[in-house]
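Below is one structure, written out as structure tokens, with a few remarks after it.
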There are 2 protein chains.
Amino acid sequence: MKRKVTLKQIAKELDVSISTVSKSLKDSPEISEDTRKKVRAFAKLYNYKPNLIALSLKNKKTKTIGVIIPEIIHHFFATVISGIEHIANEKGYNVIVCLSDESFDKEVINMEMLANGSIDGFIMSLSKETQQKKDFHHISEVINQGMPVVMFDRVANDILSDKVIIDDNLAAFEAVQFLIDKGFNKIALISTIDYISVGKLRTEGYLKALRSNNIPIDESLILKIEDMDNCSDEIELLLKNNTFDAIFAVNELFAVTAIKSANKLGLKIPEDISIIGFTDGMISKYSSPSITTVSQNEIKMGERAAIMLIERLESEEEDEEHYKTEVIGTHLVERESTL
Amino acid sequence: MKRKVTLKQIAKELDVSISTVSKSLKDSPEISEDTRKKVRAFAKLYNYKPNLIALSLKNKKTKTIGVIIPEIIHHFFATVISGIEHIANEKGYNVIVCLSDESFDKEVINMEMLANGSIDGFIMSLSKETQQKKDFHHISEVINQGMPVVMFDRVANDILSDKVIIDDNLAAFEAVQFLIDKGFNKIALISTIDYISVGKLRTEGYLKALRSNNIPIDESLILKIEDMDNCSDEIELLLKNNTFDAIFAVNELFAVTAIKSANKLGLKIPEDISIIGFTDGMISKYSSPSITTVSQNEIKMGERAAIMLIERLESEEEDEEHYKTEVIGTHLVERESTL
DNA sequence: GATAGTGTTGAAAACTTTTTCAAATTTATA
DNA sequence: TATAAATTTGAAAAAGTTTTCAACACTATC
């Protein structure tokens with residue numbers, strides 16, 4: 001086993017100083033052709049690569065981005081990470097991923113850990129619990145220390161930082177408008193409890209669409225689900241006790257569950273009920289019927305977040321005044337679940 | 001903006017030496033009660049936290065695990081990462097994730113990058129290209145440098161290292177045996193090209209099951225797909241040109257595509273054809289009909305890989321002789337796609 | 001032959017932390 | 001009071017790198 005070789009070891013072997021070795025490897029004209037060649041040959045032979053930890057310490061830069069997300073098994077977050085990785089790779093950055101598991105405490109612990117020198121900046125999306133608590137002190141602390149943070153999707157409006165979001169309100173509005181344009185006016189909504197910022201915004205978009213088309217809002221057609229894992233009973237009840245001709249669901253899970261419940265009750269999709277979901281993941285693509293859904297351009301979201309962060313890291317002046325919020329465009333992917 | 005405070009700064013402020021500060025914060029009995037209290041109060045006030053990069057350099061340990069996987073948008077890999085994160089978190093390790101994008105070159109670059117001091121050990125799954133090339137020099141090099149590597153799922157048999165796998169052969173055998181036990185004997189196989197190790201093993205399991213039940217092997221019922229993205233045409237052709245009563249597909253995508261093709265051709269699942277897939281992800285769960293599939297216990301896979309790596313990192317002696325290969329149990333999840 | 005100039009090398013500091021060992025101070029003992 | 005012992009503090013080295021500046025050797029110029 002041959003352990004990694006250091007400048008010191010090379011210097012000793014060749015009986016020169018560490019500085020000479022360092023400069024030779026950087027092809028500094030300060031060092032004579034002869035010495036340079038000798039050192040480089042030796043370094044190549046022993047496959048010398050500078051120790052990145054030492055460089056990090058010296059340069060006070062780690063060339064590493066910390067990403068904190070609630071869960072990685074969600075297609076949405078996994079795809080955003082793909083986008084982040086893509087740009088990070090291109091620009092020579094590594095990506096440390098930490099999962100908050102939707103827990104406030106884990107989010108805080110992970111942030112504090114990474115903030116102690118391991119990374120140059122954060123890209124993050126808030127956990128449910130953090131959104132509920134509205135406690136963002138850990139984030140402002142990090143920002144105060146001069147470490148840039150880019151928030152995406154689940155962002156805190158109270159925090160001054162760069163942000164990448166979609167216009168959830170508008171996207172929902174457009175999806176519902178699409179249904180209205182098809183001639184539907186009894187449209188149900190399956191949403192989440194309001195403390196989930198995106199759920200709330202999508203609900204508002206739904207309401208706005210109805211209002212602007214002078215369709216009365218029927219509270220009995222609005223379902224707000226708390227327990228994601230056991231949503232099927234509630235959804236089945238909604239379908240059983242009401243009649244409507246379309247559903248707007250704020251995520252894939254609710255949409256596919258609605259399809260399954262409809263099947264069970266003998267309702268045909270899209271003949272009896274049209275359904276639009278949110279997020280274009282595996283479920284929407286491979287469900288039968290496949291689901292018309294709002295695509296969020298997750299890849300682009302990740303890419304933009306990474307670009308914004310790296311730009312801030314590599315620009316000298318810290319213009320704290322000019323935080324940007326970038327809105328990524330969405331589009332409706334039409335599939336089989338709508339007429 | 002208050003930047004992170006260092007021992008040096010504290011020492012200067014309090015007019016003591018750096019060593020005194022360091023020892024005080026570690027509650028060393030060497031330092032007088034008085035000084036200790038003073039230092040700790042000051043450190044608390046300024047929220048001192050040791051710089052982890054400096055510690056890494058000093059200790060030659062980063063408390064970070066490098067994970068290299070082909071893609072993160074695959075539910076399988078995302079779930080394994082969840083398992084890794086879970087254990088890593090528990091044991092105080094961070095996780096750096098790098099994506100090879102199924103490319104050999106990217107895998108090599110990522111490994112070399114991380115091997116230069118950033119991490120203590122690797123957990124990895126080979127890219128398709130690497131499996132095809134059978135070039136594992138980058139992995140043996142890292143191992144030779146004394147950095148432990150745990151491979152999972154897509155492993156290289158030629159490399160001596162710890163491994164976590166499932167018994168793909170056995171799992172496939174059991175799935176096909178399940179179909180045979182139901183009374184089917186015309187069973188089609190939808191698999192991948194043989195250089196994908198898991199595809200090959202699952203194909204072997206299929207063949208073994210047929211043989212051990214004295215069912216003649218019908219080559220026309222065996223489809224090996226190269227281009228995952230455009231598999232639907234080939235699968236439709238298989239269904240159109242042959243009659244059989246069951247399908248064993250080596251992944252979720254092939255299984256759900258088979259269902260869609262069958263629907264298109266007016267075949268009923270499971271009445272006309274029973275289908276078993278591999279991997280228990282979103283697709284299998286939310287497809288209509290939902291898909292009977294082989295669950296790989298991905299979470300456990302990730303957890304075991306992390307445990308094996310950390311054990312090796314924290315055990316003093318390097319018993320290179322005793323590399324373990326751990327086989328994670330699989331089980332069939334029965335759903336609607338089988339009778 | 002002395003001075004300036006050029007070319008080449010190395011010592012030392014910096015980044016931050018921990019730890020060893022020596023030095024300084026205080027207290028106890030004879 | 002002098003000496004030994006105990007307590008408390010600090011200097012220095014170590015990890016691996018880069019960079020500045022000083023030092024040295026040599027050649028060219030007057």
Side-chain angles (χ1 to χ4, degrees), chain A residues 3-40 42-43 46-64 113-120 145-147, chain B residues 3-40 42-43 46-64 113-120 145-147:
Chain A
R3 282 231 131 78
K4 295 238 73 164
V5 69
T6 67
L7 289 185
K8 204 180 186 179
Q9 286 160 27
I10 298 179
K12 200 174 169 191
E13 288 297 322
L14 297 180
D15 207 27
V16 293
S17 74
I18 294 179
S19 359
T20 304
V21 178
S22 177
K23 285 173 196 163
S24 297
L25 293 174
K26 300 202 113 53
D27 240 347
S28 157
E30 250 183 304
I31 306 296
S32 71
E33 185 75 32
D34 262 17
T35 318
R36 242 148 63 193
K37 268 195 191 147
K38 197 175 60 180
V39 171
R40 309 189 71 186
F42 192 91
Y46 283 89
N47 191 29
Y48 170 79
K49 295 272 167 55
N51 179 310
L52 297 180
I53 292 290
L55 281 179
S56 293
L57 184 59
K58 177 125 191 33
N59 300 335
K60 291 169 152 281
K61 273 190 201 169
T62 61
K63 283 276 195 175
T64 303
M113 167 121 271
L114 294 185
N116 293 326
S118 309
I119 61 164
D120 295 339
Q145 278 168 22
M147 183 170 282
Chain B
R3 281 232 132 77
K4 296 238 72 163
V5 70
T6 66
L7 288 185
K8 203 180 185 178
Q9 286 161 27
I10 298 180
K12 199 173 170 193
E13 288 297 321
L14 297 181
D15 208 28
V16 293
S17 75
I18 295 178
S19 0
T20 305
V21 178
S22 176
K23 287 174 195 160
S24 297
L25 294 175
K26 302 202 112 53
D27 241 346
S28 156
E30 252 183 302
I31 306 298
S32 72
E33 184 76 31
D34 262 16
T35 317
R36 243 148 62 194
K37 267 196 191 144
K38 196 176 59 182
V39 170
R40 311 191 68 187
F42 192 91
Y46 283 88
N47 192 28
Y48 169 79
K49 295 272 167 58
N51 179 312
L52 297 182
I53 292 289
L55 281 178
S56 293
L57 185 60
K58 177 124 190 34
N59 300 334
K60 291 168 150 283
K61 274 190 203 169
T62 61
K63 282 277 192 176
T64 303
M113 167 122 271
L114 295 185
N116 294 325
S118 309
I119 61 164
D120 295 339
Q145 279 168 21
M147 183 171 281

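All chains are named by letter (A, B, ...) in the order of the sequence lines, taking the proteins before the strands, and each is independently numbered beginning at 1. What you are looking at is a predicted structure, and each value in this text was computed from that prediction instead of being measured.
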Original post:
What nucleic acid atoms does B/Ser22 come within less than 4.0 Å of, heavy atoms only: base, sugar-phosphate, or nothing?
Top reply: base
Original post:
Just checking B/Ile31: base, sugar-phosphate only, or nothing, at a heavy-atom cut-off of under 4.0 Å?
Top reply: base
Subject >> Integer-rounded Å distance: C/dT19 C1' and B/Ile18 CD1 >> reply: 13 Å
Subject >> Rounded distance (Å) that lies between atom C1' of C/dG10 and atom CG of A/Leu14 >> reply: 15 Å
Subject >> Pairing residues for B/Phe42 by the ring-ring contact (aromatic ring centres under 6.0 Å, His included) criterion, not counting sequence neighbours >> reply: B/Tyr46
Original post:
Between the two ends of the helix from C/dG1-D/dC30 to C/dA30-D/dT1, what is the bend in degrees, rounded to 10 degrees, where each end axis spans five pairs?
Top reply: 90°
Original post:
In whole angstroms, how far is the C1' atom of C/dC15 from the CD atom of B/Gln9?
Top reply: 12 Å
**OP:** Round to the nearest Å and state the distance from B/Leu52 atom CG to C/dC15 atom P.
**Re:** 18 Å
**OP:** Under the side chain to side chain contact (heavy atoms under 4.5 Å, CB included) rule, collect the residues that match up with A/Thr20, sequence neighbours excluded.
**Re:** A/Val16, A/Ser17, A/Ser24, A/Ile31, A/Thr35
Subject >> Separation of B/Ile53 CD1 from A/Ile53 CD1 (nearest 0.5 Å) >> reply: 4.5 Å
Original post:
Toward the 5' end of DNA chain D, which comes first, B/Leu57 or B/Thr20, by nearest nucleotide?
Top reply: B/Thr20
Original post:
What distance separates A/Lys38 NZ from A/Leu14 CG, expressed to the nearest 0.5 Å?
Top reply: 6.0 Å
**OP:** Give, for atom NZ of B/Lys8 and atom CD of B/Glu13, the distance between the pair rounded to the nearest 0.5 Å.
**Re:** 13.5 Å
Original post:
Under 4.0 angstrom, heavy atoms only, what part of the nucleic acid is A/Ser32 near: base, sugar-phosphate, or nothing?
Top reply: sugar-phosphate
**OP:** Using the closest heavy atom to pick a nucleotide of DNA chain C for each, name whichever of A/Ser19 or A/Pro29 lands nearer the 5' end.
**Re:** A/Pro29
Original post:
Do you see a donor-acceptor pair shorter than 3.5 Å between the side chains of A/Lys4 and A/Asn47?
Top reply: no
Subject >> Residue whose closest nucleotide on DNA chain C lies nearer the 5' end, A/Glu33 versus B/Leu7 >> reply: A/Glu33
**OP:** For residues A/Asp120 and A/Met147, report the shortest heavy-atom separation together with the two atoms involved.
**Re:** O-CG, 3.5 Å
**OP:** Classify the nucleic acid contact of B/Ser56 as base, sugar-phosphate or nothing, counting any heavy atom under 4.0 Å across all strands shown.
**Re:** nothing
Original post:
Can you check whether B/Lys8 has a side-chain N or O nearer than 4.0 Å to OP1 or OP2 of C/dC15?
Top reply: yes
Original post:
Closest approach of B/Thr64 and B/Ser118, non-hydrogen atoms and distance?
Top reply: CB-O, 3.9 Å
**OP:** On DNA chain D, reading 5' to 3', which nucleotide is the first and which the last to sit with an atom under 4.0 Å from a heavy atom of chain B, could you check?
**Re:** D/dT8 to D/dG16
Subject >> Of A/Glu30 and A/Asn51, the one whose closest DNA chain D nucleotide lies more 5' >> reply: A/Asn51
Subject >> Set of residues satisfying side chain to side chain contact (heavy atoms under 4.5 Å, CB included) with respect to A/Leu55, sequence neighbours excluded >> reply: A/Pro50, A/Leu52, A/Asn59
Original post:
How long is the line joining NZ of A/Lys58 and P of C/dA12, in whole Å?
Top reply: 17 Å
Subject >> Shortest non-hydrogen contact between B/Val21 and B/Leu7, atoms and distance >> reply: CG1-CD2, 3.6 Å
**OP:** Could you state the atom-to-atom distance from NZ of A/Lys38 to P of C/dT8 in whole Å?
**Re:** 13 Å
Original post:
Quick one: NZ on A/Lys60 to CG on B/Asn51, what's the gap to the nearest 0.5 Å?
Top reply: 7.5 Å
Give me the distances for all protein-to-nucleotides 23-28 of chain C N/O pairs that come in under 3.5 Å?
none

Subject >> For atom NZ of B/Lys4 and atom P of C/dT16, their distance in whole Å >> reply: 12 Å
**OP:** Look at the side-chain N and O atoms of B/Lys23 and state whether any lies under 4.0 Å from the OP1 or OP2 oxygen of C/dT18.
**Re:** no
Subject >> Pair A/Arg36 + A/Asp27: basic N to acidic O under 4.0 Å >> reply: yes
